Colleague: 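The structure's right below; bear with me while I get my questions together.
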Amino acid sequence: IDEMMRRFTIKYIDGWTPSFISQSDQLLMTLMKLTMNTPLLDLAERFNTSATSVNNIVTSQICAMHEVLFEGLVENNIPSLQKCKGSMPTSFGDFSSCRIVLDATEITQDVPGNDMRLQASTYSGYKNSHTVKSVTGVAPIGVLMFASKLYPGSTSDVAVVEHCGILNQMSPGDMILADKGFTIHKLLPQGVHLNIPPFLTAKSQYTPAEVQLCRKIAKSRIHVERANERIKNYEILRHIPHQFRYISTKIFQLCCFLVNLQDPLLQEVAQNFVTENN
């Protein structure tokens, strides 16, 4: 990341360049903030500077890294079904046409000011607090390939999918795996299929076939849940304070990209990677 970011000129939000701190240390400072949510005063002490300089550096680096790494490498770049099939894990044997697995994740945040309507829109009954929500998409090999912007916590999963544009990237023949909350059948482009667990209606229990289908979907969907868990391991996303609300989407999407730099989620993929590099 350091070598890549050196190729670009950083535009600092405060209008002045902190040239007294090297680019490598600025990147280290930013990653410390993302991974450990180290307080600004702590970082200022560690790097022998002021909290104002730290805020200028961290915020500017986050915006720059988001533009280069997320917008440049991830956004609108979901692998085609053909590419997915070429690296399809065995756990997706029953869903060989799957192109992406969708899930939603929520992050708590400070109460958004005194605007009652805004407070109502961000209040999540599921989390019993004020949150923001994103829909994430994971390719079958376990790589995070889509992350929507953050929406108010009360927004339904269906509404987020409809607004975020993920379906515009789907093609005829693609299959989407998702949880029960993604009842997006009416939104699907022609030729795109959705596979979600069946609902219990008037009957009191699932049929054996439905139980088997639920198990197969859960076995495949676990990868996106594990990816979301890795995203939240970035301490800055444990809770978004008011001073970072205006760049919260960039923080979230950048952390999604950084998850892809970790060891593969699937052991099968990790073993293949080791084999190919030996």
Side-chain angles (χ1 to χ4, degrees), residues 74-106 126 133-148 151 155-201 206-232 252-253 256-257 259-260 262 264-270 272:
V74 177
E75 194 170 41
N76 300 319
N77 195 28
I78 299 175
S80 66
L81 179 58
Q82 183 178 0
K83 290 183 178 179
C84 289
K85 285 186 175 182
S87 57
M88 191 71 69
T90 55
S91 58
F92 280 80
D94 294 295
F95 308 107
S96 58
S97 295
C98 178
R99 187 177 174 192
I100 198 165
V101 186
L102 296 183
D103 199 9
T105 185
E106 289 187 67
Y126 176 72
K133 173 189 289 187
S134 173
V135 165
T136 56
V138 175
I141 59 171
V143 177
L144 268 159
M145 293 306 304
F146 178 83
S148 75
Y151 291 81
T155 312
S156 69
D157 297 345
V158 175
V160 174
V161 170
E162 182 177 14
H163 185 268
C164 72
I166 177 64
L167 297 181
N168 296 334
Q169 300 186 53
M170 297 294 103
S171 302
D174 292 346
M175 175 192 290
I176 299 172
L177 280 185
D179 200 2
K180 288 183 178 180
F182 288 84
T183 53
I184 56 175
H185 303 82
K186 295 181 180 180
L187 304 177
L188 296 175
Q190 186 174 4
V192 176
H193 306 283
L194 174 69
N195 211 326
I196 61 176
F199 287 86
L200 279 176
T201 53
Y206 290 118
T207 65
E210 289 174 334
V211 171
Q212 187 66 17
L213 176 60
C214 287
R215 288 175 177 172
K216 290 178 179 178
I217 293 176
K219 183 179 179 181
S220 301
R221 280 195 66 257
I222 190 66
H223 306 313
V224 72
E225 294 175 357
R226 291 169 61 197
N228 283 340
E229 182 180 350
R230 284 190 174 187
I231 296 170
K232 291 186 177 180
F252 178 80
Q253 292 176 335
C256 289
F257 171 85
V259 164
N260 290 336
Q262 301 176 21
L265 281 167
L266 280 69
Q267 185 176 3
E268 176 184 345
V269 175
N272 292 338

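For clarity, every value in this text was computed on a predicted model and none was experimentally measured.
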Colleague: C98 and P140: which non-hydrogen atoms are nearest, and at how many Å?
Modeller: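 Where C98 meets P140 most closely, the heavy atoms are O-CG, 3.5 Å.
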
Colleague: Taking atom CD1 of I184 and atom CD1 of I176, what is their separation to the nearest 0.5 Å?
Modeller: 4.5 Å

Colleague: Out of curiosity, I231 CD1 to L144 CG, how far, rounded to the nearest 0.5 Å?
Modeller: 4.5 Å

Colleague: Who pairs with Q212 by side chain to side chain donor-acceptor pair (under 3.5 Å), at least two apart in sequence or on another chain?
Modeller: none

Colleague: Which is it for S134 and S148 under the side chain to side chain donor-acceptor pair (under 3.5 Å) test, yes or no, and what are the steps along the way?
Modeller: CA-CA 5 Å; S134 173; S148 75; 3.1 Å; yes

Colleague: Report the distance from atom CE of M175 to atom SG of C84, rounding to the nearest 0.5 Å.
Modeller: 12.5 Å

Colleague: Decide yes or no on side-chain contact (heavy atoms from CB on, under 4.5 Å) for I78 and I166, but give the supporting numbers first.
Modeller: CA-CA 9 Å; I78 299 175; I166 177 64; 3.3 Å; yes

Colleague: If you look at every heavy atom in I141 and P89, which pair is closest and at what distance?
Modeller: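 Closest pair (atom of I141, atom of P89, distance): CA-CG, 4.0 Å.
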
Colleague: Can you see which heavy atom on D103 is nearest to which on E225, and at what distance?
Modeller: OD2-CG, 3.6 Å

Colleague: Could you pull out all residues at least two apart from D157 that satisfy side chain to side chain donor-acceptor pair (under 3.5 Å)?
Modeller: K133

Colleague: Which atoms form the tightest heavy-atom contact between G173 and S97, and what is the distance?
Modeller: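 It is O-CB, 3.8 Å.
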
Colleague: Taking side chain to side chain donor-acceptor pair (under 3.5 Å) as the definition, give me every residue that meets it alongside Q169, ordered by chain and number, with sequence neighbours left out.
Modeller: N76

Colleague: Counting only heavy atoms not in Q82, do more than 12 fall under 6.0 Å of its CD?
Modeller: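 No, because the 6.0 Å sphere around CD of Q82 holds 12 heavy atoms or fewer from other groups.
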
Colleague: Looking at every non-hydrogen atom in both residues, tell me the closest pair between M170 and R99 and how far apart they are.
Modeller: CA-NH1, 3.7 Å

Colleague: Side-chain contact test, heavy atoms from C-beta onward, threshold under 4.5 Å: evaluate it for V101 versus F95 and give yes or no.
Modeller: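 Contact flag for V101/F95 side chains = no.
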
Colleague: Identify every side-chain donor-acceptor pair in residues 187-196 under 3.5 Å, counting partners at least two apart or on other chains, and give the distances.
Modeller:
none

Colleague: Grab the two heavy atoms, one from L81 and one from S96, that are nearest each other, plus how far apart they are.
Modeller: CD1-O, 4.3 Å

Colleague: Output every pair passing ring pair (Phe, Tyr, Trp, His ring centres under 6.0 Å) with a member in residues 167-189, not counting sequence neighbours, ordered by first then second residue.
Modeller: none

Colleague: How many angstroms lie between OG in S87 and NZ in K85, if you round to the nearest 0.5 Å?
Modeller: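 Here the rounded value is 12.0 Å.
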
Colleague: Taking only residues two or more places apart in sequence or in another chain, which ones pass ring-ring contact (aromatic ring centres under 6.0 Å, His included) with F252?
Modeller: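 By the ring-ring contact (aromatic ring centres under 6.0 Å, His included) rule, F252 matches no residue at all.
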
Colleague: Distance from L177 atom CG to L102 atom CG, nearest 0.5 Å?
Modeller: 9.0 Å

